[in-house]
Amino acid sequence: MKQFFIILSTLISFSVFSQQTIKWPPVTTQNKPWTRWWWEGSAVNKQDLTYAMQLYQQAGLGGLEITPIYGVKGTESQFLQYLSPKWVDMLKFTLAEAKRLNMGIDMATGTGWPFGGPWVTPADASKDINLKIYTLKGGESLREKITYLQKPLVRTASGQAVDIKTLSYPVASNKNLQAYAFDQVRYEMKLPLLLLMAYADTGEKIDLTTKTDKSGTLSWTPPAGNWTLYALFMGWHGKLVERAAPGGEGDAIDHFSAKALHNYLQHFDDSFKGRNITSIRSYFNESYEVDDARGQANWTPELFAEFKMRTGYDLRERLICYSRLIPQKQTAAYCMIIV
């Protein structure tokens with residue numbers, strides 16, 4: 001009994017102490033729960049925006065994250081083109097309503113996922129790297145052309161079969177992209193040679209990139225010894241904005257390129273020019289998803305230079321270290337990642 005009263009007395013004392021010293025912080029917009037707000041097809045109007053936001057505010061939400069996404073079939077007449085003047089008008093109205101209701105607004109800088117859109121050029125689109133291996137003995141000439149033909153690939157979110165021969169290039173130039181719901185599209189094309197390195201069994205290394213002409217003919221005869229040639233070709237990954245909203249369909253950007261990101265975000269600056277949208281709390285990248293079953297987007301044109309600057313050594317001189325992990329003449333999108 002004595003122990004019971006001691007424990008009870010301690011609990012009562014702690015409770016009184018807690019009530020005196022601990023105060024619940026004031027509830028603000030920032031520390032209330034927020035929610036993702038998908039604008040399906042951007043099929044929004046002022047009346048419905050007000051109705052929905054009032055319900056969200058009454059439910060206790062502090063803010064909303066706007067992410068436009070693909071539309072509902074049968075409501076195409078209500079779709080708004082992403083970042084069009086009318087779409088921006090709806091965004092401005094939403095911001096005004098949020099201020100009235102004491103709510104915050106975040107916005108994904110893109111539709112669906114990941115970053116991308118019809119204004120992304122092939123130069124700024126996500127890349128991959130492909131490898132071919134050749135062998136030569138001293139005094140031999142390489143008869144085979146050093147070329148790489150990218151194989152066509154079409155994947156849709158719906159699983160619908162699409163003949164790539166019916167598609168124009170680039171993919172954003174095609175009509176009715178909402179119906180296609182593309183996830184990934186690779187066109188058959190000859191890929192540019194990025195690097196050709198020769199390694200001898202003696203340890204000698206030679207960069208032969210400039211000794212290969214546009215047709216893929218190598219003008220070089222190796223000295224004595226056994227030589228292995230590693231040819232790297234830069235390809236286009238083909239990842240598209242998945243579940244894109246109307247007006248947001250197109251290639252995903254090269255996420256490793258500062259120039260590609262700048263060009264991508266410039267489109268938003270242009271679309272918002274002259275519009276006061278300063279009450280948006282923040283912008284965000286909904287997700288980074290540039291991969292498929294055949295390889296990953298693990299390349300950017302400046303990787304060699306950037307790698308040397310950051311590490312102090314040239315990755316081009318170390319390709320031989322990883323070639324043993326790759327079967328002869330097999331493509332390998334991952335060959336440059338194992339560092």
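Fair warning: this is a prediction, and the values are worked out from it, not measured in the lab. Values below: every heavy atom of this structure, side chains too, minus hydrogens, waters and symmetry copies.
Partners of Glu140 according to the salt bridge (charged side-chain N to carboxylate O under 4.0 Å, His left out) rule, which considers only residues two or more places apart in sequence or in another chain, do not exist here. With sequence neighbours left out, the side-chain contact (heavy atoms from CB on, under 4.5 Å) criterion links Thr166 to Val162, Asp163.
Smallest separation of non-hydrogen atoms from Trp113 and Ser287: CB-OG, 3.2 Å. Met197 approaches Lys205 most closely through the heavy-atom pair CE-CB, 4.5 Å.
Note: Phe182 and Tyr180 have parallel aromatic rings, judged against thresholds of 30 and 60 degrees for the angle between ring planes. Between Tyr187 and Tyr169, the ring planes are perpendicular. Angles over 60° get that label, and only those under 30° would be called parallel.
The other members of the hydrophobic cluster of Leu55, by chain and number, are Tyr51 (side-chain heavy atoms under 4.5 Å, ILVMFWY only).
Between Phe115 and Tyr288, the distance separating the two ring centers is not shorter than 6.0 angstrom. Remark: aromatic rings of Phe304 and Trp299 are close, center separation under 6.0 Å.
Atom NZ of Lys190 has more than 12 heavy atoms from other residues, nucleotides or ligands within 6.0 Å.
Considering only heavy atoms from C-beta on, Ile277 stays 4.5 Å or farther from Phe268 through its side chain.
Both tests pass for Arg281 against the ring of Trp34: distance under 6.0 Å to the centre and angle within 45° of the axis.
If you chain together hydrophobic residues whose side chains sit under 4.5 Å apart, Met53 and Leu80 fall into the same group.
Remark: Lys259 does not engage Asp254 in a salt bridge, criterion side-chain N to carboxylate O under 4.0 Å. For the pair Arg243 and Asp183, the salt-bridge criterion is not met [side-chain N within less than 4.0 Å of a carboxylate O]. Note on Asp128 versus Arg186: salt bridge recorded, some NZ/NE/NH1/NH2 to OD/OE distance being below 4.0 Å.
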